[in-house]
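Data block below; observations after.
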Amino acid sequence: MKNNRIFYFISLFAFSAFWACSGSGDENQLIDDESVIQEIQLDDTKIPQQFYQLPSPVEMFMFMWEDGAPFYNTHLNPIENVDKYVDSKKKSLNLGIYSADLAYCTVYDKNQETMNLFSATKKLAEDLGLTEGFDQSILERIDKNIENSDSLYRITSDSYSKTLTFLQSQGRTEVLPYIVYGGWLESLYIATQTVKKFNPESGIAERINDQGLLLENLIEFFNAIKVSDAYADTILKDLNSLDLLFKKSAESEDGLMTKEVYGEVKEQVKTLRNQIVK
Amino acid sequence: MKNLWILGLIAIFYSTSAEAQRCDKYNRYCDAELLDYDYSSQSAFAFMYPGDTIPVKTVLYGNKEYHITVCSEHEGVSWKIVEPYRKTEKSIAEIRRDTSKTYKVDEYGDFIVDNETGDYIVESVSFTVDTIWNSERVAAERLIFDNKKANEWKERVSKTQRAFVYVIMPMDSNPEGSCVAVFIGKNEFQKSSFKTKKPSGDYY
């Protein structure tokens, strides 16, 4: 139990580096008629910060692993691509992509891939000045535990934990939404590429359909970025377009995703993901 | 001497700022009882001043059990969980009123003309009122929990949903600010506890 507790402390912030995302509090809340809500009418001046949280990609991969989905290393972003990314936004997006790939490999016990991906992730993190969590000692720990999947899982989580602390303490919120978006998109890309025969009532179809709710958080997160730029505007436009597809399912009678909508989501996700990794 | 004062003030300012940014040092101030859940994914840490409200917008996956608790350096912090949803609101766009008349006809089906006025003779007048509705999808929130009775929420979520945790720092809290931790934990964390199924031929 004590060990478990220590483990939870260690992993407490795991992955939240990328998925616990905070934004400025300039969003108007449309609050309705529920009585208790009146007590928490939001005054913008009293909202110093908003947090837009997404379940981490590891949860998608855990689900797939538990569901018996096979692993395909062809779905990973090749580590050779890491040198292609020059500007900070592209680096942030691909840090998210590689982080999701890293999670995919650790969940599926692909230890050598984990090691390689950690190096690529480390490079991008360093380029972005996110040195904490990706230092040499972590790399050495991975090397020592290359045969132990559970340890690798914990070590990679630990590195994310340190990154979170670093990002938050440095107020580096300008990179967070991009990292979160990259990670979320990669997990959705891997999930949709893995499904070969779509069954709207299957667990994985439901989990893919659920991503519409994560997407809503992500859109709000990007909307909350005060200083918008071409990158943010383009991403927001892409996300809104994807959101329209998910809304088709959400507003259907049974709430299930149809094969046609799934096909459109799969194609759009593939296009967006490939634009980022190229 | 004056410089020393200024340096001292700067030091205090920076130490306060640093403290503000390190609210993730959970064990410094938080007594919340964490369970054997995974709190890593969506927990949030913030520094709040009196009167501040912080929304933590989360997504809870279906068929999972969640544990949400909030702790703060200030004991009287209040928090709530609400579920956002969309509902359809109807409003009247237009009311159309039509009047239609039927006229008297003779045995041959021709309209009968009033000899005095020269107009057709009205047999009956009917009024129809047609209401055109506007249908609009609006965002609303439904209360799931507030911490008046307990300081933790533990529930199995049946269907994936968004959930917003609102944390409100009372006006009587420390004017210099207080750390707050919002723990959002999901059960099933250790990978070794998972059992994988054989690949399903249906869709993989």
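FYI, side chains are in, hydrogens and waters are out, and symmetry mates aren't considered; it's all heavy atoms of this structure. The sequence lines fix the lettering, A, B, ..., with proteins before strands; numbering per chain opens at 1. Worth saying up front: this structure is predicted, and the values here are computed from it rather than measured.
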Pick from M169(B), R86(B), R162(B) with the largest number of heavy-atom pairs that fall under 4.5 Å of chain A:
R162(B)
Quick one: does N174(B)'s side chain have a donor or acceptor within less than 3.5 Å of a partner on P50(B)'s backbone?
no
Proximity of F145(B) and W79(B) rings by center, below 6.0 Å:
yes
With a 4.5 angstrom heavy-atom cut-off, is it the side chain or the backbone of E201(A) that approaches chain B, or both, or neither?
neither
Which of the residues K196(A), R207(A), E216(A) is involved in the greatest number of heavy-atom pairs with chain B at under 4.5 angstrom?
R207(A)
Under 6.0 Å between ring centres: does that hold for F71(A) and Y104(A)?
yes
Would F47(B) and F45(B) count as a close aromatic pair, with their ring centres under 6.0 Å?
no
